[in-house]
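One structure is given below, encoded as structure tokens.
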2 protein chains.
Amino acid sequence: MGKRVTLSDIARHTGLAISTISTVLNGHAGTRIPSDTAQRVHEAAELLGYAPDPAARGLRTGRSGIIGFISDEVTVTRYASAMIRGLIDTADTADYVVVMSETDHREERLERALEVLRTRRSEGLLFGLMSARRIDLPPLGGAPAIVVNGVAEGVGSVLPDEERAGREAVEHLVRRGHRRLALIGRSDVHLDPAVSVTIGDRMAGIDAAMAEAGLAFEHEVEAVYWEPEVSHRGAAEILDHHPEVTAIIALNDRMALGVYQAAQERGLSIPADVSVMSFDDEQLASYLDPPVTTMRLPYLEMGALAMERLLESVVSGAPIPDSRMLVPIPLIERGSVREIRGPGTA
Amino acid sequence: MGKRVTLSDIARHTGLAISTISTVLNGHAGTRIPSDTAQRVHEAAELLGYAPDPAARGLRTGRSGIIGFISDEVTVTRYASAMIRGLIDTADTADYVVVMSETDHREERLERALEVLRTRRSEGLLFGLMSARRIDLPPLGGAPAIVVNGVAEGVGSVLPDEERAGREAVEHLVRRGHRRLALIGRSDVHLDPAVSVTIGDRMAGIDAAMAEAGLAFEHEVEAVYWEPEVSHRGAAEILDHHPEVTAIIALNDRMALGVYQAAQERGLSIPADVSVMSFDDEQLASYLDPPVTTMRLPYLEMGALAMERLLESVVSGAPIPDSRMLVPIPLIERGSVREIRGPGTA
DNA sequence: TTGTACGCGTTATCAT
DNA sequence: ATGATAACGCGTACAA
């Protein structure tokens, strides 16, 4: 909050005209760089600690240096924090600043956020979702926009590569000798784009890898609500009636917790008696005992990539292609999958 | 991104001068309200959808309408999202906008964030911490600032009322007939302000309530790292060697998870065989089976209160008193505590 | 190569 | 009661 140094300060200091300073500092303009005086200008700027006033500059240029980030709810899962960090960092290196708003899933709040951002002359809009759904967006008036972890009509989006993640999860198990698998979580509701646009891909990847390995699930437990209680019951079915199963795939970490609970009730040990794999890698995943091997949703990378693409569009003026950009989902190997030798039996 | 409507638009529309419009719209200035023309101005403004340009206004007034939010890491726990929502909402109703930055606990990033915020002419600074520690802040040059969930030299702060929370946790148990209690988590490290400025209060509250009830813990398990594995072992000690204990207090939810694991291993049921209480109410707390009764860190309220105080200071110019404002911690009753009749025996 | 002048949208001072 | 006018800090076409 000290006194700000302006162009006129450095003009006075160098004895040059304000416009000269501005021209030099902005480089590109007018004629070539008058190398000798340019030097003086830069030195003076450095010395006095000059930084252009974004408001004044914006008034003149129409560019605010602001990117609006609108999310339905900020982070409930482990790496959502990383998504914010990823996008802020990327914005920062381009001298953009991120203004946050949360809609709490309410339409009116979304409208309000857009209005505020518009009057602030936000140069781009980044929509962040905490679950990869399809959403409806009000007309954006052609402002550059992108969706992270979700999709919307006519807007580019950044998504986790769930198809590949599904394949790799299965392949990981198969490579370790598992051939009798069970699955918890498949259900038709998750195929509704308003619920999820990625679970379908995840399942496709899983099914493809199973087929390629010549396998079929010994048992599948449907689950609409992906919560521990549901998978607790589901895992009980599997453990009690399908002892041949050596590995259980839970479609998220919370359901993995349910599997752990069922196993523990029965005195079964993970991974000695049964292996578990899951998806998402939320905070919970590392709390389990043993920590569960899971596919980590790459929030940081998604945030960074989305901001990168958005800024490209903002500066170049070229629209963001209305397509899906996929980010790989790494497998986080922990202690819940064991290697088995002979063709799998429990 | 549509064409913006300015004062001159509405001047042209009404046939009045720009300065007149501005005067009317800002109310306060010059003479009394020329009621008749004021009407026309307001109507025209409404009609055209006028909204003042914050950049232009800020250039003139020196007020940016920006509050900087700087946090070490955005949310790992359940209600941190609520903290952001709380402060954004409060800012919004005062027509302020929140610019986010994350330091990831790194000094250089903190410096950078402050620099960016300074050149953006941020009117106030709000520091958010994910654990209630004491932190060092660089000189802020007198900018209004406040710390949420932490403390810093010479800066006001908003904190959860842990002393009362500690009392209430114990009283809750005692009221339900528990008199043989065990505690997991006390340790000297958490008394270091650089680690925590609130755990000491929590413990003080707990100890006071115990004393008032004429009780002492049957057993205490020290824990430096408040993770499930640690409390898992600790709970094992308690369950194996202190069968008289009817309730265990874990100082956070993750350690409650460890207690659950130990109980389940032994075929003990919660709360039938042993009751559990914990602190924080992170997401995990509701996943447990049964969900654990816990003291909820009031992030939303803390965020809202902090922003409120900060804005008061910003508009009034009065400094924020360098004190601690406490926000109550509600008890979230779930299924992990049972009511017992006779003087407690397991 | 450097300087002049104007405009971006507002607010505030000072005449009218 | 209303309206010129200057100024906030910057960028740029244009003149010197």
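Just so it is clear: chains get the letters A, B, ... in the order the sequence lines come, proteins before strands, and each one is counted from 1.
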Sorted by position of nearest nucleotide on DNA chain D, 5' first, the leading residue of L59(A) and R40(B) is R40(B)

Q.
Can you tell me if R57(A) touches the phosphate of dG9(D), counting only side-chain N or O atoms and a distance under 4.0 Å to OP1 or OP2?
A. no

When rounded to whole Å, the CG to C1' distance for the pair D53(A) and dC8(D) reads 9 Å

Separation of dC8(D) atom P from R60(B) atom CZ, nearest Å, is 8 Å

Is there a donor-acceptor pair under 3.5 Å between the side chain of S196(B) and the backbone N or O of T198(B)? yes

Among dG11(D), dA12(C), dG9(D), the one nearest any side-chain atom of N26(A) is dG11(D)

Min side-chain heavy-atom separation V158(B)-V147(B) under 4.5 Å: no

Closest to the side chain of T20(B), out of dG9(D), dT10(C), dT2(D), is dT2(D)

Worksheet item: Is the shortest distance from a Lys or Arg side-chain nitrogen in D72(A) or R133(A) to a carboxylate oxygen in the other one below 4.0 Å?
Response: yes

What I want to find out is whether R118(A) reaches D53(B) closely enough, with some N-O distance under 4.0 Å, to be called a salt bridge. no

Open item on the list: Are there over 12 heavy-atom neighbours, none belonging to E108(B), within less than 6.0 Å of that residue's CD?
Closed with: yes

Numerically ordered, the residues 6-19 of chain A set in heavy-atom contact under 4.0 Å with DNA chain D is T6(A), L7(A), S19(A)

* Has S22(A) got a side-chain N or O lying under 4.0 Å from the OP1 or OP2 atom of dC10(D)? -> no

In short, E123(A) meets S64(A) closest at the heavy-atom pair OE2-N, 3.0 Å

T61(B) side chain N/O closer than 4.0 Å to the phosphate oxygens (OP1, OP2) of dT11(C)? no

In whole angstroms, the gap separating P of dA12(C) from CG of L25(B) amounts to 13 Å

Whole-Å distance, R4(B) CZ to dC8(C) P, equals 14 Å

